[in-house]
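What follows is one structure encoded as structure tokens, with my remarks underneath.
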Amino acid sequence: MTDLPLNSTVFVFVHGAWHSSAQWASTRRALVGLGAASVAVDLPGHGSDAPLPTGYLLPGQPGLLTEKSQLATLTMDACAETVLNTLRQVRHYRNVVLVAHSAGGGPASLAAERTPELVDRIVYLSAFVPGGRPRFSDYLDSPENATALGQDLPLGDQDALGAVRINPLSPDPVYVEALRQTHYHDTPRDRFDRWRSLLTTDLPLAVAASPVVVTTARWGRIPRTFLRCADDRALPPALQDLMIAEADQAAPGHPFTVRTLPGSHTPFAARPRELAEALAL
């Protein structure tokens, strides 16, 4: 991904929906072994300090389906600004690679559009690319997404909640298995429960529904890579390919370098070493 030595490179990781900086830990350790530095961002409303519905950790989880999210007023601008703050801190590296996963593609793209001089390459790991359509939800409604699993994971009325809410600690084994099959089907079962316990409940609705407008003169001038996940059940390969094609049509000056990884939507859980090696190419 770079002609420069890895010891002059820093990777800035932006997580996807319901995840956090913690999920990148194994990949970051593997990158250290390859000689590269990295930092992982916690988007607002995610991570260890994420606000949870008040009944989430109580018996019976009272109010989970109806309690308005504390993240309902969070904006895409605020998410992008969090990414920008980190990019500003690492600009002393000769090579800054911004890596976005899934829904994190929105905030990462907006940050890159606003200050392209802070990013030397942007990598989309089975992530939303706004080059062709400005809203993540525009792609989720497309025919290429028809085979995606997880349609029944969101709870309640998203507009009323102000968030796309899931229940990682659900006592319902059918729901838990649907979560596993959607995101973690190739993660060993004895590790899956630990992974789901780290997830948060609420994705701010703004991240899925707010438009991200990018231009060829700014975002489009940044070299970009797409890491496809070949057995992705949350964001099917057909949808990944659609986003790649539409972005290349919109910004042909730097078409995607495309590489394919085996497995699920979450290679940082199932095969972090392979992910790190793909990033370091």
Side-chain angles (χ1 to χ4, degrees), residues 1-16 19-43 47 77 79-102 104-131 212 214-228 243-244 247-248 250-261 267-268 271-281:
M1 303 229 172
T2 172
D3 294 329
L4 297 172
L6 275 181
N7 60 13
S8 66
T9 297
V10 62
F11 292 88
V12 177
F13 289 103
V14 181
H15 61 79
H19 286 70
S20 72
S21 60
Q23 277 89 1
W24 297 109
S26 297
T27 303
R28 294 180 61 203
R29 283 194 294 271
L31 280 171
V32 168
L34 298 173
S38 65
V39 61
V41 175
D42 271 326
L43 292 174
D77 285 343
C79 294
E81 188 59 33
T82 297
V83 178
L84 281 173
N85 285 339
T86 301
L87 290 173
R88 294 182 184 111
Q89 293 174 31
V90 301
R91 186 60 274 188
H92 57 279
Y93 283 88
R94 291 175 63 196
N95 190 51
V96 177
V97 181
L98 179 59
V99 183
H101 176 242
S102 195
S109 297
L110 183 55
E113 168 69 19
R114 290 183 171 173
T115 55
E117 66 275 9
L118 297 182
V119 182
D120 297 296
R121 177 170 288 274
I122 184 166
V123 179
Y124 292 85
L125 173 60
S126 191
F128 164 52
V129 185
V212 176
V214 294
T215 64
T216 56
R218 299 180 67 79
W219 173 85
R221 83 189 201 202
I222 303 170
R224 58 184 186 266
T225 297
F226 199 102
L227 295 181
R228 296 172 72 255
M243 291 190 290
I244 293 167
D248 284 351
H254 286 288
F256 269 112
T257 297
V258 181
R259 298 190 177 94
T260 299
L261 299 174
F268 44 80
R271 45 186 61 83
R273 176 74 187 188
E274 290 180 41
L275 174 57
E277 290 171 350
L279 289 168
L281 287 175

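All of these numbers come straight from a predicted model, not from anything done at the bench.
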Tell me if a side-chain donor or acceptor on [X] pairs with a main-chain N or O of [Y] at a distance below 3.5 Å.
{"X": "Arg91", "Y": "Glu117", "answer": "yes"}
{"X": "Asp120", "Y": "Val97", "answer": "no"}
{"X": "His254", "Y": "Arg224", "answer": "no"}

Between [atom1] of [X] and [atom2] of [Y], what distance do you get to the nearest 0.5 Å?
{"X": "His19", "Y": "His101", "atom1": "NE2", "atom2": "NE2", "result": "6.5 Å"}
{"X": "Leu31", "Y": "Glu277", "atom1": "CG", "atom2": "CD", "result": "9.5 Å"}
{"X": "Arg228", "Y": "Phe256", "atom1": "CZ", "atom2": "CZ", "result": "12.5 Å"}
{"X": "Leu43", "Y": "Thr82", "atom1": "CG", "atom2": "OG1", "result": "6.5 Å"}
{"X": "Leu279", "Y": "Leu34", "atom1": "CG", "atom2": "CG", "result": "9.5 Å"}
{"X": "Arg221", "Y": "Thr216", "atom1": "CZ", "atom2": "OG1", "result": "11.0 Å"}

Min side-chain heavy-atom separation [X]-[Y] under 4.5 Å:
{"X": "Val96", "Y": "Leu118", "value": "no"}
{"X": "Ile222", "Y": "Glu113", "value": "no"}
{"X": "Gln89", "Y": "Val39", "value": "no"}
{"X": "Trp24", "Y": "Phe11", "value": "no"}
{"X": "Asp77", "Y": "Arg114", "value": "yes"}
{"X": "Leu275", "Y": "Leu227", "value": "yes"}
{"X": "Val129", "Y": "Ile244", "value": "no"}
{"X": "Ser109", "Y": "Tyr124", "value": "yes"}

Please report the C-alpha distance between Asp42 and Ser21 in whole Å, then the side-chain angles of each, then the deciding distance to 0.1 Å, and finally whether the side chain to side chain donor-acceptor pair (under 3.5 Å) criterion is met.
CA-CA 5 Å; Asp42 271 326; Ser21 60; 3.1 Å; yes
Applying side chain to side chain contact (heavy atoms under 4.5 Å, CB included), run through Asn85 and Val41 and close with a yes or a no.
CA-CA 10 Å; Asn85 285 339; Val41 175; over 6 Å; no
For a quick test of reading the model, state the closest non-hydrogen atom pair linking [X] to [Y] and the distance between them.
{"X": "Ala250", "Y": "Gly131", "value": "CB-O, 3.3 Å"}
{"X": "Leu84", "Y": "Ala111", "value": "CD2-O, 3.4 Å"}
{"X": "Ala108", "Y": "Ile122", "value": "O-CD1, 4.2 Å"}
{"X": "Gly220", "Y": "Ala251", "value": "CA-CB, 4.0 Å"}
{"X": "Gly105", "Y": "Pro130", "value": "O-CD, 4.4 Å"}
{"X": "Ser102", "Y": "Gly16", "value": "CB-CA, 4.2 Å"}

Which residues pass the ring-ring contact (aromatic ring centres under 6.0 Å, His included) test with Tyr93, sequence neighbours left out?
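For Tyr93 there are no ring-ring contact (aromatic ring centres under 6.0 Å, His included) partners, ignoring immediate neighbours.
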By ring-ring contact (aromatic ring centres under 6.0 Å, His included), which residues pair with Trp219, not counting sequence neighbours?
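Trp219: no ring-ring contact (aromatic ring centres under 6.0 Å, His included) contacts found.
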Check the pair Arg121 / Thr225 against side chain to side chain donor-acceptor pair (under 3.5 Å), numbers first and verdict last.
CA-CA 8 Å; Arg121 177 170 288 274; Thr225 297; 2.7 Å; yes
Restricting to side-chain hydrogen bond (donor to acceptor under 3.5 Å, both in side chains), what partner residues turn up for Arg218, sequence neighbours left out?
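None.
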Tell me whether the centres of the aromatic rings in Phe13 and Phe268 are closer together than 6.0 Å.
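No: the rings miss the under 6.0 Å criterion.
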side-chain contact (heavy atoms from CB on, under 4.5 Å) partner of Val14, the single match among Leu125, Thr86, Val123, Val83:
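The residue from Leu125, Thr86, Val123, Val83 that satisfies side-chain contact (heavy atoms from CB on, under 4.5 Å) with Val14 turns out to be Val83.
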